[in-house]
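Here is the structure we will look at.
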Amino acid sequence: MQVRVEDNVVEAAPGSTVAGALAQALSGKRFKNAVAARCGAALLDLSATLPDDCAELAPVPADSQEGLEIIRHSAAHIMAEAVKKLFPTAQVTIGPAIEHGFYYDFAYERPFTPDDLAAIEAEMTRIARANHPFACRQVSKDEAKALFAGLGEHYKLEIIEDIPAASVSLYTQGGFTDLCRGPHIPATGFLTAFKLLSVAGAYWRGDEKRPMLQRIYGTAFGDAGDLKKYLARLEEAKKRDHRKLGVALDLFSFSEEAGPGMAIWHPKGELVRTILEDFERKEHLKRGYSLVRGPQILKREMWERSGHYDNYRENMYFTEIDEQAYGVKPMNCLAHMLIYKSRLRSYRDLPLRYFELGVVHRHEKSGVLHGLLRVRQFTQDDAHILCRPDQLLAEITSVITFVKDVLGLFGFEFEAELSTRPVKSIGSDEDWDRATRALTEALSALHMPYEINEGDGAFYGPKIDIKLKDALERRWQCATIQCDFTLPERFDLVYVDQDGSRRRPVMLHRVILGAVERFLGVLIEHAAGVFPTWLTPVQARILTVTEAHDAHAAHVLDRLTQAGIRTEADTRNEKLGYKVREAQLEKIPYLLVVGDKESEDGGVNVRQRGGKELGLMSIDETIALIRADCEEPFKRGGLSYNCCH
RNA sequence: GCCCACGUAGCUCAGUCGGUAGAGCACUUCCUUGGUAAGGAAGAGGUCGCCGGUUCAAUUCCGGCCGUGGGCUCCA
């Protein structure tokens, strides 16, 4: 039979292996780099027999995405072998490749310690050096069950039960056999660059009612250089941790006394927030939104009517006033409904766009709290748009444009995901079709690539989630646009149409940054604490050389402050180098040195964040320079903001 | 919520195999008046997360609680 491998066609005898066909077609180096092969949709082991219907075969190189996954999955098997060798009574469960590595979950009578990890890693190295081949065989489910029952691997039995196929495949390397659909690297020696990273608890099948297993995380790469780069990136992420930078830059803190999951904003952090929020308010006004504000707590009956009491109660806080039950708002929509209902609306009034920087409380489980990224009290840049069905597309389009403009301003890239109707949902097919179509049409009109999460929408409507990518390639969910069919229904929202009939408006929930707290946390890590000049709490600091220059410093401070530039003067009895160092660590964008020359000239000596010295400049020139720097990012999109006022 | 680890001065951390603790930075005072990433000296600062137990004695050992960190359906 003839098989095409890239640009070559090779003659393969029936029953010959995948490796055989590849070896004929590829150079030695490229063949060595292959860990598996692809035939159509199927991934094959190199040791597999070439399928009869295989017309085209593509090597899967070690450094490709698929190759990496195979190496990592194989690393998980090798780790399981090492664990069974060192801890024979441990039971193996599942061990997949994940985005940046792999894990394997074990059931064992005691927790694994860091010392255990070191021992397991050493054993893995030994196994890799031994270069045992991975051998695959197909067996009936009964045969597999008998095998794992004999080994006392109860979790494997449960997995086999759930497999619909009549037979399953087993992979053996060295003395270890695991249930696995494969494929795998040809031999353990292909695992050259790996590291075990951490141990953590994980429920069997992610179900908190089932036993807690021990998950060992590790990572593996095609070569040592990539592994080193990845580990360096982890180190870099640690340095940028917003919790550390928040303390270092004196932005915010958390207090055990105040309570978990609630940030306390210090002067500099609050200043950043205020500027960001001010920018958002102005930008929303420009785009036809109205600013509104609802109460922090609303009567329980409201939450019952909205459905939150039935569907979201676990995450809500309740209180009582004069024997009346109230719920602390976890979302801002209810008051916005009431504003809509406060008078009869005409089709001419729509769309109505209510924007609120709303403070919400959600009872997140204690174990998931994480700095600013997961808190119990936060401020959403939330809006609810009520429009006619024929306005839906235009509204969605303008929201997505808004998101693009704002995320672009901060230099974030992003990805969109469309979530469609889940099984358990309300609303007519027509509603869902129309809304889903509006979402997809808006995405394509704006040339936004997107992924579809089939059936992942909220029960009340389809949605678009936008995930931004930070400087370390991590993804964060921030913006979201959700269609809602239930709330207008439950609150009986209507408008009077052209023909005098009453119609139901369509509702969109949407956030741009999401939560202000989370966005700032992400921004701090993205920028390593270096805020853009327009947003940074202190834009300029005047540094005196000696106390003889205090008077001139006071003059400069006054001029810049009057010009709306956030300025401080450091007149401490310290050497210039010391003041420069501190200001650099605080990441202040402009350092204005005043000494004898500057005092005589009436100017300042400008040093930019990062160390570039611009020399002597007049005060007016300095003000113009800083203002231009503030405005620079806004030139990119359809945005403007006067931050110096 | 669950599993594991951790919790010592404002910050970063050392230390006590049970006898109430120490460094650097920051802070205060003094000396120094110094031109672009740390000038010098002295001083002050801790119920060793909280509560209970064991003990002659607990920051140290044990238990509970609180908080923080890493995880908890990327499916053989």
Side-chain angles (χ1 to χ4, degrees), chain A residues 69 72-73 76-77 80 92-105 108 110-114 141 144 148 153 155-165 168-171 177-182 197-217 238 241 243-244 247-248 250 253-261 314 363-371 543-550 572-586 591-598 605-608 610-616:
Chain A
E69 280 170 27
R72 288 170 177 170
H73 187 189
H77 278 240
V92 293
T93 67
I94 62 168
I98 54 175
E99 191 174 354
H100 296 295
F102 62 89
Y103 68 78
Y104 209 113
D105 286 346
Y108 190 51
R110 65 160 179 85
F112 292 123
T113 65
K141 272 169 77 170
F148 288 109
E153 299 283 7
Y155 292 91
K156 286 290 171 193
L157 288 179
E158 192 179 324
I159 293 165
I160 295 169
E161 294 289 352
D162 291 347
I163 297 174
V168 297
S169 52
L170 301 178
Y171 277 82
T177 297
D178 202 353
L179 175 73
C180 186
R181 90 181 131 200
L197 297 172
S198 61
V199 214
Y203 298 106
W204 169 230
R205 304 216 145 160
D207 184 343
E208 46 189 283
K209 291 182 191 69
R210 307 183 81 167
M212 178 67 72
L213 306 172
Q214 289 187 68
R215 174 168 300 180
I216 301 179
Y217 281 96
K238 248 190 224 167
D241 191 318
R243 294 164 298 188
K244 295 234 176 233
V247 174
D250 199 16
S253 61
F254 288 88
S255 160
E256 193 171 330
E257 292 158 278
E314 304 299 299
H363 181 238
E364 302 289 349
K365 289 180 179 179
S366 61
V368 306
L369 299 177
H370 181 94
L543 310 180
T544 52
V545 178
T546 77
E547 63 195 20
H549 314 112
D550 285 2
R572 290 176 304 170
N573 174 17
E574 295 291 350
K575 289 195 173 179
L576 185 58
Y578 182 88
K579 296 182 184 183
V580 167
R581 178 184 143 84
E582 272 200 356
Q584 285 290 142
L585 291 175
E586 289 175 48
L591 304 188
L592 312 178
V593 175
V594 300
D596 287 341
K597 271 182 291 179
E598 294 76 15
N605 204 303
V606 180
R607 175 189 165 117
Q608 285 180 313
K612 192 176 175 197
E613 288 179 40
L614 303 180
L616 190 64

Name the closest nucleotide to the [X] side chain, picking from [options].
X	options	value
Val593(A)	rA37(B), rG71(B), rG35(B)	rG35(B)
Arg243(A)	rG69(B), rG1(B), rA38(B)	rG69(B)
Thr546(A)	rG34(B), rA37(B), rC11(B)	rG34(B)
Arg607(A)	rG1(B), rA37(B), rG70(B)	rA37(B)
Glu99(A)	rC74(B), rG35(B), rU36(B)	rC74(B)
Pro111(A)	rC4(B), rU36(B), rG70(B)	rC4(B)
Glu613(A)	rG34(B), rU36(B), rG71(B)	rU36(B)
Arg572(A)	rG7(B), rG34(B), rC27(B)	rC27(B)
His370(A)	rG35(B), rG70(B), rU33(B)	rG70(B)
Met212(A)	rC3(B), rG7(B), rG39(B)	rC3(B)

For [X] and [Y], which heavy atoms make the closest approach, and how far apart are they?
X	Y	answer
Ala144(A)	Val168(A)	CB-CG2, 3.6 Å
Ala76(A)	Gly95(A)	CB-O, 3.4 Å
His73(A)	Ala97(A)	N-CB, 3.9 Å
Lys141(A)	Ile160(A)	CE-O, 3.3 Å
Lys365(A)	Glu208(A)	NZ-OE2, 2.9 Å
Leu576(A)	Thr544(A)	CD1-O, 4.4 Å

| Is any side-chain N or O of Glu598(A) under 3.5 Å from a base N or O of rG35(B), one able to act as donor and the other as acceptor? | yes

| Ignoring hydrogens and angles, does a donor from either the side chain of Tyr203(A) or the base of rG71(B) sit under 3.5 Å from an acceptor on the other? | no

| message | Using a 4.0 Å heavy-atom cut-off, does Gly610(A) contact any base of the nucleic acid, only the sugar-phosphate backbone, or nothing at all? | response | nothing

| query | Under the side-chain contact (heavy atoms from CB on, under 4.5 Å) criterion, do Asp162(A) and Arg205(A) qualify, and how do the steps go? | reply | CA-CA 12 Å; Asp162(A) 291 347; Arg205(A) 304 216 145 160; 2.5 Å; yes

Does a nitrogen or oxygen in the side chain of [X] sit under 4.0 Å from OP1 or OP2 of [N]?
X	N	answer
Tyr217(A)	rC74(B)	no
Tyr103(A)	rC74(B)	yes
Arg215(A)	rC72(B)	yes

Please report the distance, rounded to the nearest Å, between [atom1] in [X] and [atom2] in [N].
X	N	atom1	atom2	value
Asp105(A)	rU73(B)	CG	P	9 Å
Asn605(A)	rU36(B)	CG	P	10 Å
Asp241(A)	rU12(B)	CG	P	11 Å
Lys365(A)	rC72(B)	NZ	C1'	9 Å
Phe254(A)	rG10(B)	CZ	C1'	18 Å
Glu582(A)	rA38(B)	CD	C1'	9 Å
Phe112(A)	rG71(B)	CZ	P	19 Å

| First encountered from the 5' end of RNA chain B, between Leu369(A) and Leu576(A) | Leu576(A)

| field | 5' precedence on RNA chain B between Val545(A) and Glu574(A) (nearest-nucleotide basis) | value | Val545(A)

| query | If pairs are Watson-Crick or G-U with both distances under 3.5 Å, what is the dot-bracket string of RNA chain B, marking crossing pairs with [ ] and pairs to another strand with |? | reply | (((((((..((((.....[..)))).(((((.......))))).....(((((..]....))))))))))))....

| task | For the pair Asp241(A) and Arg243(A), find out whether any cationic side-chain nitrogen is under 4.0 Å from an anionic carboxylate oxygen. | result | yes

